[in-house]
Amino acid sequence: MANGKNRFYGYIWFMLPALLLYTIFVIVPLILSFGYSFTNWDGYAPTFKMVGLRNYLSVFHDTKVLQTLRNTFIFGFYTPIIVTLFAIPLSLLLNSRMRTRNFQRAVFFFASVPSVLIVGYIWQFIFDSTSAGILNSILVKFGSKPVMWLSDDKWAMISVIIANSWRLIGWHACIYLANLQSIPLDYYEAASIDGANAFQQFKKITFPMLAPAMTISLLLIIIDSLKIYALPFALTGGGPGDATRFMTQLIIDIGIKERLIGKSSALSVLFFIILFVISTVQLIYSKRREERLQ
Amino acid sequence: MTTPSLGLMQNGKASRQILFHIFEVFMVLIALLYMFPLYYLVLNTLKPYGEMLKNPLSLPQTLFFDNYSAAFGQMHFFTAFFNSLLITFCSVLVIVILGAMAAYPVARFNNKITKAVMVYFLIGFMIPVQTIVVQVFIIMQKLNLINSHSGLILLYAAGSSFAFFMYQSFIKTVPYELEESAMIDGCSPFKTFWMIVFPLVKPVTVTLVIFESMWIWNDFILAYLFLSSRDKFTLILELYQCVGEFRLDWAIMFSIMVIVLLPMVIFYLFMQKHIMAGLTSGAIKG
């Protein structure tokens, strides 16, 4: 470990380029968003007024914003649950001694590789509401009625959740897999000598010891779901109506298309606060759980 | 369990083996089935659109390549491909260089400034670009960086918080003696860093290069907002553009997607081992 204050000053400039870029493109915009949120700037006018909390208060009256917030929370709630529900069992299956296990892992992980835009378009075809859509083709073949996957409010949200989950399950299974591989086998040996069956072993050994992976996985997926943009953009375009419009899309629409910088900035700040609070709470809770179970 | 009879033991083992093999086949099938969206993507590019509408699930009646020639004809594939290549390469280069350099003093010294820098970068971790895109747009406008490759590269490079933290924690595991002796021999900090420390943090560099490349190559939102002329489009934007043009013909749209997917698939096949390894180390480090 180096020490000596004088020597340190020879190293300061190492940090400057990164700090400069980061400040210009991350910190300054953040400060700007706070600043503009209190104005009524429309992006064009040379001057603007301070309007206090008006932009924030208007959120409560704006049905579109409220709907978008609701969508974002619903999506950010169900996606982590569904992905985790499938990723953990999948990681157990992938933790086998099969010769094809690397192939299996690579295949499931591959769902995360294509651009989200492409994934959105493909699933748009699968969910197509006419019988040309793959899912409806199958449903019709089995004598059932086609589902209005993308033209019904409720089903559209479900479609986005399914498409996003498909994309993420393999990747998160690999996160759990990495953790699984570090669980000492003695625990299981001791447990089976004591007569525990497979399910009990999972409940008492595996699941608690997966706590670190769960912390990371949940954090990543909650943030990812809340800020989702490209997938609904390609899959539903935000529709029908505003049924699958999420915060990022709204902020961009209002800020760049409608040029209501003041309003968009207020939404940005709100969004940032929501993300910050949720991720901090999740992190604290998960870390405590990790410690409790270790 | 007392000594079992030989016959029973052998039978038990054999049936377990068979079950195991059946299960393995089952798992492989499940894996392949999981890829059904991609399977349908490729399958339907080989049918004319009419056939695709009627039978989305079946094998093509004949191999129909006209979709691909139409797609290729419309796409500015090579321009977009080279744009993506240029932007990804430059961005990753800057991220690695800037991130590693910034991490070095923070890893080696422990004072108020380094602590402040860590907290400063930590803020960036918590701010997804989606929350501030509009304000970034304003800044890019002021700096005249809209619709420029360098602008986009700088923007991608500004997200080097992640690289910073990865390098920072890894450099700490490199023994200091090597740098000490180098500096006693008269090496400047800059030289010491690049000649000695950087080669030793190769695992982080490899992981970073792979994951950042994949992320930047596939990025839509930033490229979409900050590139507006077609000759500057990345491959993803070119895809978006052409899909818009062919909105009525799924078969051609899908062909475009297959063409755009190909580079990433090839990259994945080559890098797959490193990707899995990177995930493992990343997950454990948390």
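Residue numbers begin at 1 in each chain, while the letters A, B, ... track the order of the sequences. All of these numbers come straight from a predicted model, not from anything done at the bench.
Between M257(B) and Y121(A) the shortest side-chain heavy-atom distance falls below 4.5 Å. Between M101(B) and W13(A), the closest side-chain pair of non-hydrogen atoms falls below 4.5 Å. When side chains are defined from C-beta on, F26(B) does not count as touching L93(A), because their heavy atoms never get closer than 4.5 Å.
Interface remark: F254(B) contributes side-chain atoms only to the contact with chain A (heavy atom separation under 4.5 Å). Contact of I24(A) with chain B is made through backbone and side chain together, with heavy-atom distances under 4.5 Å. With a 4.5 angstrom heavy-atom cutoff, T23(A) touches chain B via backbone and side-chain atoms both. Contacts of S188(B) with chain A are absent, with no heavy-atom separation under 4.5 Å from either backbone or side chain. With a threshold of 4.5 angstrom between heavy atoms, I118(A) approaches chain B through its backbone and through its side chain. The contact between Y229(A) and chain B is made entirely by side chain atoms (from C-beta outward), counting heavy-atom distances below 4.5 Å. Heavy-atom distances place the side chain of Q141(B), and not its backbone, under 4.5 Å from chain A. Of the two parts of L154(B), the backbone and the side chain both hold a non-hydrogen atom closer than 4.5 Å to a non-hydrogen atom of chain A. Looking at F267(B), there are no atoms closer than 4.5 Å to chain A (heavy atoms on both sides), in backbone or side chain. Of the atoms belonging to W123(A), it is side-chain heavy atoms, and not backbone ones, that fall under 4.5 Å from chain B. Only the side chain of L117(A) comes within less than 4.5 Å of a heavy atom in chain B; its backbone stays farther off. Contacts of L145(B) with chain A are made by side-chain atoms alone, with heavy-atom separations under 4.5 Å and no backbone atom involved. The contact between I126(A) and chain B is made entirely by side chain atoms (from C-beta outward), counting heavy-atom distances below 4.5 Å. Interface remark: Y22(A) contributes backbone and side-chain atoms alike to the contact with chain B (heavy atom separation under 4.5 Å). Interface residue F110(A): backbone and side-chain heavy atoms are both found under 4.5 Å from chain B. In this structure, chain B has no heavy atom under 4.5 Å from any part of L20(A). The contact between Q272(B) and chain A is made entirely by side chain atoms (from C-beta outward), counting heavy-atom distances below 4.5 Å. R99(A) touches chain B through backbone and side chain together, each having a heavy atom under 4.5 Å away. Looking at V117(B), only its side chain comes within 4.5 Å of chain A, counting heavy atoms on both sides. If you measure heavy-atom distances from Y176(A) to chain B, you find no contacts under 4.5 Å at all. Only the side chain of L143(B) comes within contact range of chain A, with heavy atoms under 4.5 Å apart. Only the side chain of N44(B) comes within less than 4.5 Å of a heavy atom of chain A; its backbone N, CA, C and O stay farther away.
Between the side chain of W217(B) and the backbone N or O of S115(A), no donor-acceptor pair lies under 3.5 Å. A donor-acceptor pair is defined here as one N or O able to donate and one able to accept, closer than 3.5 Å; such a pair exists between the side chain of N218(B) and the backbone of V113(A). Panel note: side chain S268(A), backbone T131(B); a donor-acceptor pair is recorded below 3.5 Å.
When the shell of 6.0 Å around OH of Y120(B) is examined, it contains more than 12 heavy atoms from other residues, nucleotides or ligands.
Of all heavy-atom pairs spanning A158(B) and L21(A), the tightest one is CB-O, 3.7 Å. The two residues I132(B) and V26(A) come nearest to each other via the heavy atoms CD1-O, 3.8 Å.
Ring pair F125(A)/Y40(B): centre-to-centre distance not below 6.0 Å. Under the 6.0 Å cut-off for aromatic ring centres, F233(A) and Y240(B) qualify, their centroids lying closer than that.
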- Task: Evaluate the criterion side-chain contact (heavy atoms from CB on, under 4.5 Å) for residue pair V129(B) and F25(A); output intermediate values, then yes/no.
- Result: CA-CA 9 Å; V129(B) 75; F25(A) 291 106; over 6 Å; no
- Going through the checks in order, is the side-chain contact (heavy atoms from CB on, under 4.5 Å) test met by L57(B) and K141(A)? CA-CA 11 Å; L57(B) 299 172; K141(A) 261 201 181 125; 4.1 Å; yes
- Show your working on side-chain contact (heavy atoms from CB on, under 4.5 Å) between T248(A) and I221(B) and close with a plain yes or no. CA-CA 10 Å; T248(A) 306; I221(B) 184 174; 4.1 Å; yes
- What's the verdict on side-chain contact (heavy atoms from CB on, under 4.5 Å) for F121(B) and L19(A), showing C-alpha distance, side-chain angles and the deciding distance? CA-CA 8 Å; F121(B) 272 122; L19(A) 282 172; 3.8 Å; yes
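Qualifying side-chain hydrogen bond (donor to acceptor under 3.5 Å, both in side chains) partners for S265(A), counting only residues two or more places apart in sequence or in other chains: Q135(B).
Between chain A and the options W215(B), Y104(B), F193(B), F137(B), heavy-atom pairs under 4.5 Å are most frequent for Y104(B). By number of non-hydrogen pairs under 4.5 angstrom with chain A, the leading residue of I95(B), L235(B), I236(B), V133(B) is I236(B). Ranked by heavy-atom pairs under 4.5 Å with chain A, the list V260(B), I139(B), L155(B) is led by I139(B). Note on V94(B), L41(B), I97(B), T114(B): by heavy-atom pairs under 4.5 Å with chain A, the leading option is L41(B). With chain A as the partner, the residue from M27(B), M253(B), M214(B) showing the most heavy-atom pairs under 4.5 Å is M27(B). Each of F220(B), F164(B), F36(B), Y268(B) has some count of heavy-atom pairs under 4.5 Å with chain A, and the biggest count is that of Y268(B). Ranked by non-hydrogen atom pairs under 4.5 Å with chain B, the options I12(A), I169(A), T215(A) are led by I169(A).
Here the options are F108(A), F86(A), F109(A), the test is ring pair (Phe, Tyr, Trp, His ring centres under 6.0 Å), and the partner is Y34(B); only F108(A) passes.
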